[in-house]
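Here the structure is a predicted model, which means the values were calculated and not measured. Throughout, protein chains are lettered first and strands after them, A, B, ... in sequence-line order, and every chain is numbered starting at 1.
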Protein chains: 2
Amino acid sequence: MDKEIKLLNQYWTDIYFSLHYAHEEQISHQAVRILQMIEKTDLNSVGNIAEYLKVSHNTASEHVKKLVGKGFLFKSRSDVDERKVILHLTKLGKEVLKKNTSLDESKLENIMHSLSDKERFDLMNSLKILSERAK
Amino acid sequence: MDKEIKLLNQYWTDIYFSLHYAHEEQISHQAVRILQMIEKTDLNSVGNIAEYLKVSHNTASEHVKKLVGKGFLFKSRSDVDERKVILHLTKLGKEVLKKNTSLDESKLENIMHSLSDKERFDLMNSLKILSERAK
DNA sequence: ATTATATATCGTAATTAACGATATAATCAT
DNA sequence: ATGATTATATCGTTAATTACGATATATAAT
């Protein structure tokens, strides 16, 4: 089983290495984590970022300011508690996150076309199951 | 097909977000790319790094010095051309790369145990095929 | 009215990432 | 053998980044 898991990681890292987007954006690892946090979880405040990245609240606030300035995030205020900021990804922010974490759609399309119907079905189904179990 | 590809990326990013290693190392994106380049390709010189990262040769050399200092890389010299440095990952370097690009083995193990034999086989096989086509 | 909470801003320090200029050693061309 | 080229390293410098503590402001809770 251990060997199988190492093999899976071999496949996983090979796939990402080959299929990730080529054009690397000028964006820090911390910034990607913030965008991911907002997209993938229901955490969405400045305080949440501070906890998530384990930095102080002022640093989290600075990160947000920068990401808003770059047009990756925008803010709204909570109606139940107007001290709280609610952070949202902009269209550009979603795009940048995609470029930094997803597989290149055009490369992927070529490969998908080269697969048989069964191979394609098994791939989609296997990843679906893995993603569900992973949560 | 386009929808299927977006769905695949949804699965892909969900899986990585849930299953990546929790303990984030203090390492820059550029540094990860260098370690990856050395592990995944046959590029292994300082000059290769400069081209790969599109930085000047002196900057590449500085990166290498830092990564050697951290114990992630070590150098040897080419016997055919002694001007050339050949870079290798140390055990620690492999470990750091794993922590930054692979899925967490213990999380993965739990999931693998929860899958049926067929599910596990299909998953391994699908990723194998995808990794082969990706190259 | 007082205290606590969420966020923002300011001043500052440490680190990082990059470059051009320069140096050194090895190899190639003539 | 000599001069040119190549691969890497080092130095000095600059700009950007990342973090923090202290402080401020507005809102909410007691």
Practice task
On DNA chain D, check which nucleotide each of Ser28(A) and Ile86(B) is closest to and give me the residue with the more 5' one.
Solution key: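 Final value for this comparison: Ile86(B).
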Starting at [atom1] of [X] and ending at [atom2] of [N], how long is that distance when rounded to a whole Å?
X	N	atom1	atom2	answer
Ile27(A)	dT17(D)	CD1	P	12 Å
His63(B)	dA18(C)	NE2	P	4 Å
Lys84(A)	dA4(C)	NZ	P	18 Å
Lys70(B)	dT15(C)	NZ	P	12 Å
Gln30(B)	dT17(D)	CD	P	13 Å
Leu67(B)	dA9(D)	CG	P	12 Å
His29(B)	dT16(C)	NE2	C1'	16 Å
Arg77(A)	dT7(C)	CZ	P	7 Å

Which atoms of nucleotides 3-6 of chain D (N or O only) lie under 3.5 Å from a protein N or O atom, and what are those distances?
unit_1	atom_1	unit_2	atom_2	d
dT6(D)	O4'	Arg83(B)	NH1	3.2
dT6(D)	O2	Arg83(B)	NH1	2.9

Is any side-chain heavy atom of [X] closer than 4.5 Å to a side-chain heavy atom of [Y]?
X	Y	result
Ile34(A)	Phe72(A)	no
Asn9(B)	Thr101(A)	no
Thr90(B)	Leu73(B)	no
Ile49(A)	Leu87(A)	yes
Lys75(B)	Ile86(B)	no
Leu8(A)	Leu103(B)	yes

Problem - Pair Lys128(A) + Glu132(A): basic N to acidic O under 4.0 Å - result: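 Counted as a salt bridge, because a side-chain N and a carboxylate O are separated by less than 4.0 Å.
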Practice task
Run the salt-bridge test on Glu62(A) and Lys66(A) with the 4.0 Å N-O cut-off and return the result as yes or no.
Solution key: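 No, Glu62(A) and Lys66(A) are not salt-bridged.
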Exercise for the section: State which of dT27(D), dT8(D), dA19(D) makes the closest approach to the side chain of Glu82(A). Expected result: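 Among the listed nucleotides, the one closest to the side chain of Glu82(A) is dT27(D).
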Practice task
State which of dT17(D), dC20(D), dT16(C) makes the closest approach to the side chain of Lys66(A).
Solution key: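 The listed nucleotide nearest to Lys66(A)'s side chain is dT17(D).
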Exercise for the section: Check salt bridge (Lys or Arg N to Asp or Glu O under 4.0 Å) between Asp42(B) and all other residues, then give those that pass, not counting sequence neighbours. Expected result: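 Checked Asp42(B) against salt bridge (Lys or Arg N to Asp or Glu O under 4.0 Å); zero matches.
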Exercise for the section: Tell me, please, which residues at least two apart from Arg33(B) pass salt bridge (Lys or Arg N to Asp or Glu O under 4.0 Å). Expected result: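 Scan of Arg33(B) (salt bridge (Lys or Arg N to Asp or Glu O under 4.0 Å), adjacent residues dropped) gives none.
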Practice task
Validate the cation-pi geometry between Lys99(B) and Tyr21(B): distance from NZ or CZ to the six-membered ring centre under 6.0 Å, angle to the ring axis within 45°.
Solution key: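 That pair qualifies as a cation-pi contact.
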Exercise for the section: May I ask you to evaluate whether Ser56(A) reaches the phosphate of dA19(D), defined as a side-chain N or O under 4.0 Å from OP1 or OP2? Expected result: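 No, because none of the side-chain N or O atoms of Ser56(A) sits under 4.0 Å from OP1 or OP2 of dA19(D).
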Exercise for the section: Using heavy atoms and a sub-4.0 Å distance, could you list which residues of residues 33-46 of chain B are near DNA chain C? By number, please. Expected result: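 The stretch gives none, as no residue of it lies under 4.0 Å from the strand.
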Handout entry: Pairing partner (Watson-Crick or G-U wobble, both distances under 3.5 angstrom) of dA29(D)
Key =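 For dA29(D), the partner nucleotide comes out as dT2(C), under the 3.5 Å rule.
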Close N or O pairs between protein and nucleotides 9-14 of chain C (under 3.5 Å):
unit_1	atom_1	unit_2	atom_2	d
dC10(C)	N4	Glu62(A)	OE2	3.1

Handout entry: Where at least one partner belongs to residues 100-114 of chain A, residue pairs that pass salt bridge (charged side-chain N to carboxylate O under 4.0 Å, His left out), sequence neighbours excluded
Key =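 Qualifying pairs, neighbours excluded: Lys98(A)-Glu105(A), Glu105(A)-Lys6(B).
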